[in-house]
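Everything below concerns the one structure shown next.
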Amino acid sequence: MDKIFYVTTPIYYVNASPHIGHAYTTIVADVMARYHRMNGYRTFFLTGTDEHGDKIAEAARKAGVTPKEYADGISGQFRALWPELSVTNDYFIRTTDENHIKTVKSILQDVYDKGDIYFGSYEGYYCVGCERFYMEKELVDGKCPDHQTEPEYRKESNYFFRMGKYQDWLIRYIQDHPDFIRPERYRNEALAFLREPLEDLCISRPKSRLTWGITLPFDENYVTYVWFDALINYITGIGYPGGENFPVFWPAAQHLIAKDILKPHGIYWPTMLKAAGIEPYRHLNVHGYWNVDQSKMSKSLGNVVKPLELKDKYGLDAFRYFLLRDMVFGLDSSFSEESFVQRTNADLANDLGNLVSRVIAMTVKYFDGKVPASSQTEPIDQALIDTAKRVIREAGAAFEELAFHKTLMAIWELIGTANKYIVEQEPWNLARNPDRRERLGTLLYHLLETLRTVAVLITPFMPGTGAKILGQLGIEEIDRQDYTTIAGWGGLPAGRSLKPGPTLFPRIELKKETLAPPPPPKAEIPPVKPEIEFADFEKVDLRVAVILKAEPVPKSNKLLKLLIDIGEERTIVAGISKAYKPEELIGKKVVVVANLKPTKLMGVESRGMILATDAADTLTVLTFDREPEAGGRVR
Ligand code: ME8
């Protein structure tokens, strides 16, 4: 297979400045691009800004400038941020670019000529924040569930894309390509959307209401709906239709997004491509949200985390490391400055930083700063080498599954093994005995090789640190590119002079004023109930359930009606609507008591019960940290 890799980030809206969420997606894309480049892939990495639509027009109006002036300013902030975070995108696209606009128009014309765009009328609730119409039942207390604002009621004549026509094709495509949308929970979520009839998509806005957009090629009284314009960036950014990069990179396209924009990417975009006669992308990789100190980041809460501030305070590589190490790709994660500082001190200052400084300092002290020769290898040396080789394999395998935290855990296993090897082999004692000089040299040789391996493995995540360690090992720029050399042991020539450098990660003190607010008081823990027989416990049939549909039970402020799959489909009613929005639950895998006698709650029959804890402030349902099959037993 050709070694081709193409990764994209969402193009970010230019109505607000970049925050940690944007930085996360873009740094993940960068880590993937760097990893593939090092492994010899021809790589293209695209990011950019999404500049049309109501949202931007409104922000510009409030700021008293034209939409273009407004977009130029914030797009400029994104563009300037990426090099500061060592992001190596190959291109930065703006939806106001001439060639993008031209291609959007030509695709619209093609799809129109083919008969997949028609003129019709629509009325409904429209959320400007989301740039889309909502069905009444999707609203929570009459408000948009994402923005908590009341949508406007709009009635308009508009152009529609026959998205519904492609529903069956898309279901089949997702079923036939199990890794099209991943991780699996988001594939399930997309399939859950597709269980409902897929409505046609309104793809225009009348100019009487909005002029900030791409004029429809077949009706100059309308501009294009911002999503129909924005998604196309993924192909205009690599030169579609005529550019030479398009046929090379498109078949390998991987999109990275957070779960907020699963629907446009998992449903609208593949059907748009199908209608335009273009093959679907290869993978849609969906991650969770960064929350801050347990709550959602928002301007009004004043808890927006700014990437540059963290980088300036603690250093770029510590920031990149924390983001990739602390989030399990696909699940939500919570940012707090306290956990950031703890992780940096433990993993970077202690484990990695100490290993590097001890090994280099001992080589300077005992061998005049020159790489010693390795002589006879003992079993403990072989164990270190075997660990290194296994870690290289495991780190790569985890990377392919987007389990970046596991890649880093594997690398840190090697760092831990090397630190233990030093403690056990006590090189300082060997140094006192001139007869053991050869043994001392062998020991340090293996440690220096470990540093070289670690440096190469961490380079996609922490490019600056990887380069600094290699620099201390006297390795020139040219060797650094060659990822393949790490598989072999013995890459460092004996006699090479090291170039000791300053401490990589000084310990950081968490300053008083940066301390996170104290955690809320703990709820009272109820006493443990009287003991039961194992046979009694065995009567409870617990199962893995996938939530397929979720909706509020009318007139209840606590209950949600859930359609679940536990190998068979059934309905259960759960009192969790204060803790979860319906759409947050779709695709989640939870634990259900499957053999509870059915009961009726507010008129709805419930066949089973979902397990949850109230040990936090709020209810938290039990989920899994892997992806078990629906219907599987839980014991
Ligand atoms: O949706 N945690 O742009 P956007 C993790 N223009 N990632 C987050 C995040 C958080 N709390 N907040 C934002 C748009 N993100 C459209 C996209 S693409 C054709 C058009 C990241 O500025 C994450 O990648 O609202 C999310 O999907 C994206 O920013 C949304 O960026």
Side-chain angles (χ1 to χ4, degrees), residues 7-30 32 46-56 59 71 74-75 77-78 81-82 85 87 92-97 100 104 127-132 146-147 181 186 213-214 224-237 253-270 272-273 281 284-299 301 303-307 322-324 326-336 402 404 584:
V7 67
T8 69
T9 72
I11 46 170
Y12 304 111
Y13 284 130
V14 290
N15 63 336
S17 299
H19 59 59
I20 189 175
H22 306 119
Y24 174 75
T25 317
T26 314
I27 289 173
V28 171
D30 185 61
M32 293 174 80
L46 180 70
T47 188
T49 43
D50 183 358
E51 307 189 8
H52 291 125
D54 276 343
K55 224 199 258 272
I56 315 301
I74 299 211
S75 177
Q77 288 182 18
F78 277 97
L81 173 64
W82 302 137
L85 302 182
V87 163
F92 186 96
I93 189 166
R94 302 182 56 179
T95 52
T96 47
D97 289 343
H100 171 79
V104 169
C127 171
V128 174
C130 299
E131 301 273 18
R132 76 170 177 99
D146 255 357
H147 293 88
I181 301 177
Y186 299 110
I214 300 178
T224 309
Y225 171 46
V226 64
W227 276 106
F228 204 97
D229 156 2
L231 288 160
I232 290 174
N233 94 86
Y234 298 132
I235 57 177
T236 53
Q254 303 212 21
H255 300 314
L256 268 174
I257 58 166
K259 61 188 183 182
D260 53 340
I261 49 178
L262 173 61
K263 194 168 184 181
H265 284 80
I267 313 279
Y268 305 173
W269 182 221
M272 283 165 64
L273 286 164
Y281 52 78
L284 179 62
N285 305 317
V286 188
H287 63 77
Y289 283 149
W290 278 99
N291 297 318
V292 172
D293 295 328
Q294 312 297 336
S295 33
K296 203 170 172 188
M297 225 180 338
S298 82
K299 261 191 184 172
L301 285 175
N303 63 353
V304 175
V305 179
K306 303 217 173 89
F322 178 82
L323 290 181
L324 275 284
D326 252 49
M327 178 170 267
V328 176
F329 192 90
L331 304 180
D332 291 353
S333 210
S334 187
F335 178 86
S336 80
L402 311 173
F404 307 112
E584 264 181 275

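Below, all heavy atoms of this structure are taken into account, side chains as well, without hydrogens, waters or symmetry copies. Because the structure is a prediction, the values reported are computed rather than measured. Just so you know, ligand 1 is whichever comes first in the structure, and atom 1 is the first atom listed for that ligand.
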**Request:** Could you tell me how the ring of Trp227 sits relative to the ring of Tyr268: parallel (under 30°), tilted (30 to 60°) or perpendicular (over 60°)?
**Result:** perpendicular
For [Y], does its backbone N or O pair with a side-chain atom of [X] as donor and acceptor, under 3.5 Å?
{"X": "Ser333", "Y": "Asp326", "answer": "yes"}
{"X": "Asn291", "Y": "Ser334", "answer": "no"}
{"X": "Thr9", "Y": "Thr26", "answer": "no"}

**Prompt:** Glu51 versus Ile11: any side-chain heavy-atom pair under 4.5 Å?
**Reply:** no
**Those residues that, when tested against His265, pass side chain to side chain donor-acceptor pair (under 3.5 Å) (two or more places apart)** = Tyr234
**Item:** Every residue of the protein that comes under 4.0 Å of ligand 1, judged on heavy atoms
**Value:** Pro10, Ile11, Tyr12, Tyr13, His19, Gly21, His22, Thr25, Asp50, Trp227, Ala230, Leu231, Asn233, Tyr234, Ala258, Asp260, Ile261, His265, His287, Gly288, Tyr289, Trp290, Met297
